[in-house]
Amino acid sequence: MFIDEVEIWLMAGSGGAGALTFRTEKHVPRGGPDGGDGGRGGSVIFEVDPNLSTLLDFRPGKKYRAERGENGLGKRQFGKHGPDLVLKVPPGTQIRDAETKELLSDLAHVPQRETLVQGGRGGRGNVHFVTSVHQTPKFAEKGEPGEERRVKLELKLLADVGLLGYPNVGKSTLLAAVSAARPKIADYPFTTLVPNLGVVRAADHHHFVMADIPGLIENASEGAGLGIQFLRHLERTRLLVHMLDVSGLSGRDPLEDFAIINRELAAFSEDLASLPQVVVFSRVDVLADRTGLVALREHFEALGLEVFPISSVTSEGVRDLILHIWTRLQALPKDLPKLSGVVHITTNSRDDEDPRRFTIARNEEGVLVVSGKGLERAVAMTDMGNEYAVRRLQRQLERWGVFAKLKTAGAQEGDSVRIRTAEFDYVDEDAWGLEEAGEDDEGDDAV
Ligand SMILES: Nc1nc2c(ncn2[C@@H]2O[C@H](COP(=O)(O)OP(=O)(O)OP(=O)(O)O)[C@@H](O)[C@H]2O)c(=O)[nH]1
Ligand SMILES: [Mg+2]
């Protein structure tokens, strides 16, 4: 088993900002508020695509971003939603949080789809903040930031194709020529001691996995040579590429080799012996005279087998072989990896977003850091450059019990308090003996 893995960033789009606008009419110098809402940001969604079999199309470290929502406009016009970004993955892909290693999603089957990071809500326009007292709210919400997350995609690869043949026929050389795998290659038998897997690209987005195992010899099924235990690695492949050395360098007879290996296969497993095979004549570049290949080829073709003369050294015939394999694979049933099924994403739960759920901790600089998803979101959606918006935030913090809890946590007059990127000084209102502040109670809303 071989694991294909890649780490990437997922960045959902932020919501668009709500508009801060007022109606303008000919004879009304300043009409009521009419700022529309911002659009929702796009989410990043994974979708199972049965035509994929590797993660090669993902660029390690790349940021995959969904678009942000558009801002709201005057006349109560909504901003457009940002489109979602849909990333396609092969069946069997598991997605983990890159830091915590928590399994976020197990994409086993078609047509499974999973949202990994949510786009931000659009900010509300100022029309939402009208109250009986304040008819002209002079602020609007910013859009909610999109979620971000670094994830690791993992795929356990099953080989689609197995390379079969006597030792030293050039199996590892072929794998190295068509994939990024770097198996050991040498001019003696049993160079390969453990199986190698490589991902072969037939065309853009068309890949298959090829396994190279140690060479087989007569009586392998009884333990000769390296034995037959490696044949297990070919059991779940769909197609065997049977390589025969036709160069004469080995002094062996390709027809005899073919018969011997097939006998060993049958002795190991009927299933394996009944897999379709493609015959490859290897090391043809060595032959000065190829007339002998004609009869050999006819022999295999009479058995209904396709024959490909190749040289991994000069590349002759290699491309044709790969394309043929790809075409054959399309027609063969695929054994999907058996996985546990859907794992539901445990984070992103709406419970975490209750602004009344937060924690307070003093960091090493003595700053009181207030953390909580809902609170942080409210801060992110506040336009800090707008005094009315800031005042509304203060009232919300009061209502959610932030000041009371700061006091319990031992906050002193003048302490710095931080919520996400916003920092302010703590003011102990009781110590000042301030009466209920009601004078700026405008445009509040029940969130
Ligand atoms: N001239 C020529 N030599 C080749 C070609 N393919 C492989 N060879 C050589 O043949 C020898 C054996 O190649 P390997 O790829 O190690 O053979 P193998 O089938 O993997 O051998 P085992 O791992 O021992 O089973 C090496 O010296 C290669 O350089 C070819 O197309 N042309
Ligand atoms: Mg080898």
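In listed order, ligands and their atoms are each counted from 1.
By the 4.0 Å N-to-carboxylate-O rule, Glu102 lies too far from Arg96 to be salt-bridged with it.
Taking a 6.0 Å sphere around CZ of Phe358, one finds it holds more than 12 heavy atoms contributed by other residues, nucleotides or ligands. Atom CD of Glu365 is surrounded by more than 12 heavy atoms from other residues, nucleotides or ligands within 6.0 Å.
Contacts with ligand 1 closer than 4.0 Å are made by heavy atoms of both the backbone and the side chain of Thr191. For Ser172, heavy-atom contacts with ligand 1 shorter than 4.0 Å involve the backbone as well as the side chain. The backbone and the side chain of Asp187 each have at least one atom closer than 4.0 Å to an atom of ligand 1 (non-hydrogen atoms only). Under 4.0 Å from ligand 1, not a single heavy atom of Pro183 appears.
Taking a cut-off of under 4.0 Å to the non-hydrogen atoms of Tyr188, the atoms of ligand 1 that pass are 24 (O). Atoms of ligand 1 lying under 4.0 Å from at least one heavy atom of Val286, given by number and element, are 1 (N). Every atom of ligand 1 with a heavy atom of Thr173 under 4.0 Å away is listed here by number and element: 6 (N), 7 (C), 13 (O), 14 (P), 15 (O), 28 (C). For ligand 1, the atoms sitting less than 4.0 Å from at least one non-hydrogen atom of Gly215 are 25 (O), numbered in the order shown with element in parentheses. Atoms of ligand 1 lying under 4.0 Å from at least one heavy atom of Asp285, given by number and element, are 1 (N), 2 (C), 30 (C), 31 (O), 32 (N). Applying the 4.0 Å criterion to heavy atoms of Ser311 picks out, from ligand 1, the atoms 31 (O). The ligand atoms of ligand 1 that sit less than 4.0 angstrom from a heavy atom of Pro189 are 24 (O). Residue-ligand proximity, Phe190 to ligand 1, at heavy-atom distances under 4.0 Å covers atoms 24 (O).
Distance check: Asp37 CG to Asn71 CG gives 11.5 Å after rounding to the nearest 0.5 Å. Once rounded to the nearest 0.5 Å, the distance linking CG of Asp320 with CD of Glu306 reads 11.0 Å.
A heavy-atom separation below 4.0 Å is not found between Gly165 and ligand 1.
Distances between N or O atoms of Ser282 and those of ligand 1 include no value under 3.5 Å. At least one N/O-N/O distance between Gly170 and ligand 1 falls below 3.5 Å. Geometrically, ligand 1 and Lys171 share a nitrogen or oxygen pair separated by less than 3.5 Å. Of the N or O atoms in Ile310, none lie within a sub-3.5 Å distance of an N or O in ligand 1. The distance criterion of under 3.5 Å between nitrogen or oxygen atoms is not met by Ile213 with respect to ligand 1. For the pair Ser312 and ligand 1, the shortest N or O to N or O distance falls below 3.5 Å.
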> Asp106 and Gln112: side chain to side chain donor-acceptor pair (under 3.5 Å), yes or no, with the steps?
Replying inline: CA-CA 9 Å; Asp106 198 346; Gln112 208 175 318; over 6 Å; no
>> Quick one, Asp160 with Arg238, criterion salt bridge (Lys or Arg N to Asp or Glu O under 4.0 Å). Give me CA distance, side-chain angles, the key distance, then yes/no.
In response: CA-CA 5 Å; Asp160 298 296; Arg238 299 186 280 151; 3.1 Å; yes
>> Let's go through Asp245 and Arg252 carefully: what are the C-alpha distance in whole Å and the side-chain angles of both, what is the deciding distance for salt bridge (Lys or Arg N to Asp or Glu O under 4.0 Å) to 0.1 Å, and is it a yes or a no?
In response: CA-CA 8 Å; Asp245 180 19; Arg252 304 194 46 84; over 6 Å; no
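Asp97 places no side-chain N or O within 3.5 Å of a backbone atom of Lys101 that could act as its donor or acceptor partner. Remark: side-chain polar atoms of Asp354 are paired, donor with acceptor, to backbone N or O of Arg356 under 3.5 angstrom. In this structure, the side chain of Glu141 engages the main chain of Arg124 through a donor-acceptor pair within 3.5 Å. Of the possible polar contacts, one joining the Glu264 side chain to the Asn219 backbone as a donor-acceptor pair under 3.5 Å is found. With Thr382 contributing its side chain and Met384 its backbone, the two residues share no donor-acceptor pair below 3.5 Å.
For the pair Thr93 and Leu153, the minimum side-chain heavy-atom distance is below 4.5 Å.
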Show me, pair by pair, the donor-acceptor contacts under 3.5 angstrom made by side chains of residues 176-186, not counting sequence neighbours?
| unit_1 | atom_1 | unit_2 | atom_2 | d |
| --- | --- | --- | --- | --- |
| Ser179 | OG | Leu175 | O | 2.9 |
| Ser179 | OG | Ala181 | N | 3.1 |
| Arg182 | NH1 | Ala176 | O | 3.1 |
| Arg182 | NH1 | Ser179 | O | 3.4 |
| Lys184 | NZ | Tyr188 | OH | 3.1 |

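The distance between the ring centers of Phe308 and Phe281 does not fall below 6.0 angstrom.
Listed by chain and number, the protein atoms of type N/O/S under 2.8 Å from the Mg ion (ligand 2) are Ser172 OG, Thr192 OG1; waters are omitted.
If you check which protein heavy atom lies closest to atom 8 (N) of ligand 1, you get Arg283 CD, 3.7 Å.
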